[in-house]
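What follows is a single structure, written as structure tokens, with notes after it.
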Amino acid sequence: MIRAHLGEIVIIGLALAWYVVLGPTVIGGPATYAMVSGTSMEPLLSTGDLVVLRRADAYALGDLVAFHPPDRESTGGALVIHRIVGGTAATGFETRGDNNRGDDPWRPRPKDIAGKAAIVIPGAARVLEWARRPFVFAALAAGFAVFAILLGTSRSADKPVRAASTDPEDPAAKPAAAPGG
């Protein structure tokens, strides 16, 4: 019984593990995803990199964090990903891009911080941007649907077919009753 559903169990287990470790905050998970744009964090981060952020109980000097500046208009509402170079949680952290000479004008506090960099995936944001195009997304969704249908079809084809019995004592060999009678 379990062996027949091992594939589904593994997929559900992997999906659950992903959600617990890397699920986006928008669906109740612990992670925020940020796409890098700009040169302020080069050479560590470049435009097109994807950064997975996780909230922390505390932030410290040297941590790479993403935050919303108080005047979100200055960044178009985007997160700023910079390093903590000073300050405290109480007074606000001093931040700076690794490729910048001066500190940022903002002093984010822990409530402003979306999270600390946990994983950096170089170039992944470019792939996500490409996949978010309507035609590409529709093609990927259609391909997934076809795959799911074919997977379901192949599973039903794998079920054994019972040969007709000629034994008069076998209940499967008796003719079915006619409708209404």
(request) Give the minimum heavy-atom separation between G97 and D104, together with the two atoms involved. (result) N-OD1, 4.4 Å
(request) Using side-chain hydrogen bond (donor to acceptor under 3.5 Å, both in side chains) as the criterion, list what pairs up with D103, not counting sequence neighbours. (result) R96
(message) Give me each pair satisfying salt bridge (Lys or Arg N to Asp or Glu O under 4.0 Å) with a member in residues 107-118, each pair once, sequence neighbours excluded.
(response) D63-K116, E94-R107
(request) Could you tell me which residues satisfy side-chain contact (heavy atoms from CB on, under 4.5 Å) with A118, sequence neighbours excluded, listed by chain and number? (result) R54
(request) Taking side-chain contact (heavy atoms from CB on, under 4.5 Å) as the test, write out the residues that go with I119, two or more places apart. (result) L22, V52, I121
(request) Work out which heavy atom in D49 is nearest to a heavy atom in P122; give both atom names and the distance. (result) OD1-CA, 3.2 Å
(message) If the condition is side-chain hydrogen bond (donor to acceptor under 3.5 Å, both in side chains), which residues does D98 pass it with, not counting sequence neighbours?
(response) R83
(message) side chain to side chain contact (heavy atoms under 4.5 Å, CB included) for V65 and I84? Distances and angles first, verdict last.
(response) CA-CA 7 Å; V65 297; I84 295 176; 3.9 Å; yes
N/O donor-acceptor pairs under 3.5 Å from side chains in residues 35-47, not counting sequence neighbours:
residue, atom, partner, partner atom, Å
S40, OG, H82, NE2, 2.8
T47, OG1, G38, N, 2.8
T47, OG1, G38, O, 3.3

(message) Less than 4.5 Å apart, side chain to side chain, heavy atoms only: is that true for F67 and L79?
(response) no
(message) A side-chain contact here means heavy atoms from C-beta on lying under 4.5 Å apart; do L50 and Y33 qualify?
(response) yes
(message) I'd like to check the side-chain contact (heavy atoms from CB on, under 4.5 Å) partners of A89; sequence neighbours left out, ordered by chain and number.
(response) F93, P110
(message) Side chains of I81 and L64, heavy atoms from C-beta outward: is any pair under 4.5 Å?
(response) yes
(request) Identify the two heavy atoms, one from P108 and one from T95, that lie closest to each other, and give their separation to 0.1 Å. (result) CG-CG2, 4.0 Å
(message) Taking the side chain as everything from C-beta on, heavy atoms only, tell me whether Y59 gets closer than 4.5 Å to I113.
(response) yes
